[in-house]
Amino acid sequence: MEADSFVPYNPTTYSDDEIKTRAEEFHQWIDSRRSVRKFSDEPIPIEVINNIIKAASTAPSGAHKQPWTFCVVSDPEMKKKIREAAEKEEYENYHRRMNDEWLGDLKPLGTNHIKPYLEHAPYLIVVMKKAFEIEEGEKRQTYYTNESVGLASGFLLAAIHHAGLVALTHTPSPMIFLKRILNRPKEEQPFLLIPVGKPAENTMVPDLKRKPLEDVTAYY
Ligand code: IYR
């Protein structure tokens with residue numbers, strides 16, 4: 001891709017009052033997003049997922065390389081394979097790899113190695129990070145891939161919330177099994193595993209509080 005020409009950019013502008021209100025309302029809206037671990041198996045049209053992915057793919061990226069692939073899994077057999085492999089890694093994590101501090105930090109979330117949502121959610125979106133690209137048989141560089149794919153994943157979560165669906169940002173580490181199960185090319189590395197769907201009836205979430213502004217800011 002070459003962007004050697006510039007085009008006019010005229011984003012919508014607002015009055016100062018509107019800007020204040022919009023910032024406040026956006027915060028209130030996005031603050032209502034929660035990670036969910038219990039999904040309904042109600043199907044969701046693929047067009048919804050495709051639009052969510054198109055939104056995610058508008059994220060900024062190093063040298064505009066968009067170094068990501070969103071793998072969409074709805075096949076029950078494949079979801080089952082992913083669940084089995086994820087639970088195997090998570091068993092090791094919970095029983096051997098995570099230390100006491102980590103296990104203590106997870107206590108309020110009530111998690112364990114058993115992951116039914118990997119089969120219940122109508123879609124699993126596996127976000128892949130491209131360490132490099134192959135263009136017309138040539139190896140090409142990508143840049144700031146963690147930053148880029150992290151931003152795209154944030155956009156993805158916001159798009160999911162905007163659509164009225166829920167998700168979980170899941171990292172059953174090491175996630176290399178996803179590359180094998182999904183048969184992905186050598187340039188791709190699994191980045192996040194994100195079940196997407198509607199919440200199960202009467203879904204509960206931990207009573208978490210977000211840090212106040214003064215704990216997450218420094219002004220100069
Ligand atoms: N991946 C494990 C453990 C886990 C780790 C963190 I850090 C979390 O914020 C939540 C869970 C699991 O999904 O259970």
Side-chain angles (χ1 to χ4, degrees), residues 33-57 59 66-95 97 109 111-134 142 145-146 148-201 203:
R33 184 207 59 81
R34 295 298 310 267
S35 292
V36 159
R37 291 183 169 80
K38 284 203 173 131
F39 289 79
S40 149
D41 59 6
E42 194 180 321
I44 309 283
I46 188 68
E47 295 88 318
V48 174
I49 299 301
N50 287 341
N51 275 316
I52 285 166
I53 291 171
K54 282 200 265 181
S57 204
Q66 298 182 261
W68 45 67
T69 303
F70 297 91
C71 299
V72 180
V73 182
S74 56
D75 174 56
E77 276 308 305
M78 197 162 264
K79 284 198 276 183
K80 189 164 186 264
K81 274 190 198 159
I82 291 175
R83 176 181 176 181
E84 282 169 4
E87 286 183 341
K88 215 165 140 192
E89 291 299 349
E90 293 292 22
Y91 184 88
E92 288 301 311
N93 289 334
Y94 280 90
H95 293 88
R97 294 184 191 133
L109 306 183
T111 55
N112 59 34
H113 70 282
I114 300 168
K115 307 297 183 189
Y117 51 76
L118 293 176
E119 285 191 88
H120 293 169
Y123 293 101
L124 306 178
I125 300 181
V126 183
V127 184
M128 294 287 181
K129 166 179 104 175
K130 289 190 184 180
F132 57 93
E133 275 191 320
I134 304 290
T142 52
T145 50
N146 284 324
S148 302
V149 185
L151 286 161
S153 301
F155 277 37
L156 186 85
L157 295 177
I160 290 166
H161 184 52
H162 186 260
L165 299 176
V166 294
L168 177 69
T169 316
H170 186 35
T171 51
S173 310
M175 294 196 288
I176 197 70
F177 65 86
L178 290 167
K179 182 165 170 158
R180 177 177 44 79
I181 294 174
L182 302 174
N183 192 25
R184 299 309 301 168
K186 57 184 178 313
E187 64 269 30
E188 290 186 8
Q189 294 166 9
F191 188 75
L192 289 174
L193 170 53
I194 305 184
V196 184
K198 293 184 179 175
E201 254 174 69
T203 290

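All residue numbers in this chain count up from 1 along the given sequence.
- Contact record, Ala152 with Phe70: CB-CZ, 4.1 Å, taken as the closest heavy-atom pair.
- Rounded to the nearest 0.5 angstrom, Leu151 CG and Trp68 CH2 are separated by 7.5 Å.
- Using a 4.5 Å heavy-atom cutoff, the side chains of Pro174 and Arg97 are in contact.
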Only distances under 3.5 Å count here; give the side-chain donor-acceptor pairs of residues 36-47 to other protein atoms, sequence neighbours excluded, each with its distance to 0.1 Å.
{"unit_1": "Ser40", "atom_1": "OG", "unit_2": "Glu42", "atom_2": "N", "d": "2.9"}
{"unit_1": "Glu42", "atom_1": "OE2", "unit_2": "Lys198", "atom_2": "NZ", "d": "2.7"}

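- No side-chain heavy atom of Pro67 sits under 4.5 Å from any side-chain heavy atom of Glu133.
- In this structure Glu90 satisfies the salt bridge (charged side-chain N to carboxylate O under 4.0 Å, His left out) test with no other residue, sequence neighbours excluded.
- Side-chain contact check for Leu182 versus Ile82: some heavy-atom pair is nearer than 4.5 Å.
- Distance NE2/His95 to CG/Asn112: 8.5 Å, rounded to 0.5 Å.
- Each salt bridge (charged side-chain N to carboxylate O under 4.0 Å, His left out) pair with one or both residues in residues 66-80, not counting sequence neighbours, appears once here: Lys80-Glu84.
- Annotation: the span from Ser153 atom OG to Ile125 atom CD1 amounts to 9.5 Å, rounded to 0.5 Å.
- Rounding to the nearest 0.5 Å places NZ of Lys115 at 12.5 Å from CD of Glu89.
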Please report the C-alpha distance between Ile181 and Met78 in whole Å, then the side-chain angles of each, then the deciding distance to 0.1 Å, and finally whether the side chain to side chain contact (heavy atoms under 4.5 Å, CB included) criterion is met. CA-CA 8 Å; Ile181 294 174; Met78 197 162 264; 4.0 Å; yes

For residues 163-173, run the donor-acceptor check on the side chains, cut-off 3.5 Å, and write out each pair with its distance to 0.1 Å, sequence neighbours left out.
{"unit_1": "Ser173", "atom_1": "OG", "unit_2": "Thr171", "atom_2": "O", "d": "3.1"}

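- Asn93 is not listed as a side-chain neighbour of His113, based on a closest heavy-atom distance of 4.5 Å or more.
- Remark: Arg34 engages no residue in a salt bridge (charged side-chain N to carboxylate O under 4.0 Å, His left out) (not counting sequence neighbours).
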Would you check, one step at a time, whether the test side chain to side chain contact (heavy atoms under 4.5 Å, CB included) holds for Leu124 with Glu119? CA-CA 9 Å; Leu124 306 178; Glu119 285 191 88; over 6 Å; no

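- Put simply, CD1 on Ile53 and CD1 on Ile160 are 8.5 Å apart, with the number rounded to the nearest 0.5 Å.
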Contacts under 3.5 angstrom, residues 184-194 side chains, donor-acceptor by atom type, not counting sequence neighbours:
{"unit_1": "Arg184", "atom_1": "NE", "unit_2": "Glu188", "atom_2": "OE1", "d": "2.7"}
{"unit_1": "Arg184", "atom_1": "NH2", "unit_2": "Glu188", "atom_2": "OE1", "d": "3.3"}
{"unit_1": "Arg184", "atom_1": "NH2", "unit_2": "Glu188", "atom_2": "OE2", "d": "3.1"}
{"unit_1": "Glu188", "atom_1": "OE2", "unit_2": "Thr69", "atom_2": "OG1", "d": "2.8"}
{"unit_1": "Gln189", "atom_1": "OE1", "unit_2": "Lys129", "atom_2": "NZ", "d": "3.4"}

